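Remarks on the structure that follows.
Predicted model, so just to flag it, every value in this text is computed and none were measured. First listed ligand is number 1; within each ligand, the first listed atom is number 1.
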Amino acid sequence: MTILAIETSCDETAVALYDKSKGLLAHEIYSQIPLHQPFGGVVPELASRDHLKKTIPLIKSTLKRAQISPKELKALAYTQGPGLVGSLLVGASIAKTLAFCWNLPAIGIHHMEGHLLAPMLEDPKPKYPFLALLVSGGHTQLVRVNDFADYQILGESLDDAAGEAFDKVAKLLGLPYPGGPEISRLAKLGNPDRYNFPRPLLKRKDLNFSFSGLKTAVMNQVNKTPLTLQIKADIALAFQDAVIDCLTEKSLRALAQTGLKTLVIAGGVGANQGLRERLKALSKEQGFDLFYPRPEFCTDNAAMIAYVGAERFERGEIDENLAIQAKARWTLQKS
Ligand code: KG4
Ligand code: ZN
């Protein structure tokens with residue numbers, strides 16, 4: 001039951017092949033980072049044009065790598081949203097065209113459901129129900145995952161997503177895009193006693209986050225300090241510590257409020273080593289189970305889309321027709 005998946009929601013073109021009984025057969029990621037880096041962020045028009053160039057060659061090379069012919073496929077999964085609409089439309093158009101040519105069903109997948117369930121690609125896998133801390137460039141959410149397709153958003157960022165804050169602070173420090181990995185690298189050289197930034201909403205009992213005030217606090221500091229490498233590292237560390245404090249504290253609160261004993265970290269910011277280390281220590285200290293995917297499955301990839309595609313295909317949840325549809329905004333929670 002092999003599923004081919006296409007992911008083109010932002011600045012990575014990715015293709016994967018997944019079979020429920022055999023697992024992940026192959027996955028490839030083509031990153032557009034060098035294309036966008038001179039502009040300091042993703043340029044949507046350039047992103048869609050590049051997806052258009054790269055998706056079909058990537059499908060061919062992934063099939064070749066796994067030595068699978070299109071005749072062996074059972075369905076095509078593709079990221080239907082949320083994301084950059086032009087980029088999503090490229091993936092959706094290619095998926096629907098191939099579905100027509102190869103006489104296969106197509107399955108539109110929610111990008112964040114992919115991130116949420118990426119830990120299912122690893123061994124051991126988390127068991128339902130669990131709490132997920134979903135932290136990416138566009139989302140910061142605490143989600144109660146009752147079962148497959150049964151998600152309840154318990155809290156989320158009221159302004160910037162955690163990844164967005166990493167990217168903006170990196171820009172303030174003159175670091176290249178994407179900022180998360182750069183801040184994380186630089187923070188390792190930082191002095192933890194130099195700066196102390198605010199932890200927004202930390203004292204509030206609810207499970208929401210806010211990162212825009214933290215970003216402004218960093219900006220005010222940057223404006224009054226000559227940016228030597230050491231000062232940049234000290235600011236990076238203090239900023240990262242503040243984000244990690246907010247994410248971990250609210251996760252612990254959500255575990256306590258729900259009585260859940262398993263925490264999953266997913267999404268690009270989940271690749272942050274400082275966040276992983278802090279949660280690993282807390283899981284031992286407080287006795288909850290912690291799961292997170294390998295770093296390449298935290299950031300955008302098609303393996304996670306193929307996993308969700310296989311689960312939906314098994315349940316008969318396929319697109320009703322070949323209409324090409326992309327959803328720039330789309331909530332994970334059913335109303
Ligand atoms: O999940 P993702 O690849 O794409 C979205 O769906 O948004 O997340 C990308 C975000 C970017 O903001 C990037 O800076 C951040 O994840 N990121 C990190 C790290 N690696 C990627 N943030 C902190 N530490 C990292 N190591
Ligand atoms: Zn993503």
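For ligand 1, the atoms lying closer than 4.0 Å to a non-hydrogen atom of Gly163 are 12 (O). Set against the non-hydrogen atoms of Ala271, the atoms of ligand 1 under 4.0 Å away are 26 (N). For ligand 1, the atoms closer than 4.0 angstrom to any heavy atom of Gly138 are 7 (O). Close contacts of ligand 1 with His111, meaning ligand atoms under 4.0 Å from a residue heavy atom, involve 6 (O).
No donor-acceptor contact under 3.5 angstrom links the side chains of Gln32 and Tyr30, judged on distance only. A donor-acceptor pair shorter than 3.5 Å cannot be found between the side chains of Thr299 and Glu12. Counting only N and O atoms by type, the side chains of Asp159 and Ser210 include a donor and acceptor under 3.5 Å apart.
One of the N, O or S atoms belonging to His115 lies under 2.8 Å away from the Zn ion (ligand 2).
Here the N, O or S atom of Asp300 that is nearest to the Zn ion (ligand 2) is OD1.
Residue Ser184 has no nitrogen or oxygen atom sitting less than 3.5 Å from a nitrogen or oxygen atom of ligand 1, judged on distance alone. Every N/O-N/O distance between Met112 and ligand 1 stays at or above 3.5 Å. Inclusion of Gly137 in the set of residues having an N or O under 3.5 Å from an N or O of ligand 1 is warranted. Taking any N or O of Phe166, backbone or side chain, none lies under 3.5 Å from an N or O belonging to ligand 1. Residue-to-ligand polar distances keep Thr299 apart from ligand 1: every N/O pair is separated by 3.5 Å or more. In terms of N/O distances under 3.5 Å, ligand 1 is approached by Gly180. For ligand 1, the polar-atom distance check finds no N/O of Gln273 at less than 3.5 Å from any of the ligand's N/O atoms.
Between Tyr151 and Phe148, the angle of the ring planes goes over 60°, which puts this pair in the perpendicular group of the 30/60° scheme. Between Trp330 and His110, the ring planes lie tilted relative to each other; the angle falls in the 30° to 60° range.
The protein heavy atom nearest to atom 3 (O) of ligand 1 is Asp300 N, 3.1 Å. Closest to atom 24 (N) of ligand 1 among all protein heavy atoms lies Asn272 ND2, 3.0 Å. The protein atom (non-hydrogen) at minimum distance from atom 17 (N) of ligand 1 is Gly268 O, 3.5 Å. Regarding atom 11 (C) of ligand 1, its nearest protein heavy-atom neighbour is Asp167 OD2, 3.6 Å.
With a 4.5 Å cut-off on side-chain heavy atoms, Pro129 and Leu260 count as touching.
A 6.0 Å sphere centred on CZ of Arg278 holds more than 12 heavy atoms belonging to other residues, nucleotides or ligands. Taking a 6.0 Å sphere around CZ of Arg315, one finds it holds more than 12 heavy atoms contributed by other residues, nucleotides or ligands. Within 6.0 Å of CZ on Arg194 lie more than 12 heavy atoms contributed by other residues, nucleotides or ligands.
Contacts of Glu12 with ligand 1, taken as heavy-atom pairs under 4.0 Å, are absent altogether.
Contact detail for Ala16 and His27: the closest heavy-atom pair is CB-CB, 3.7 Å.
Between Tyr307 and Tyr18, the ring center distance clears the sub-6.0 Å criterion.
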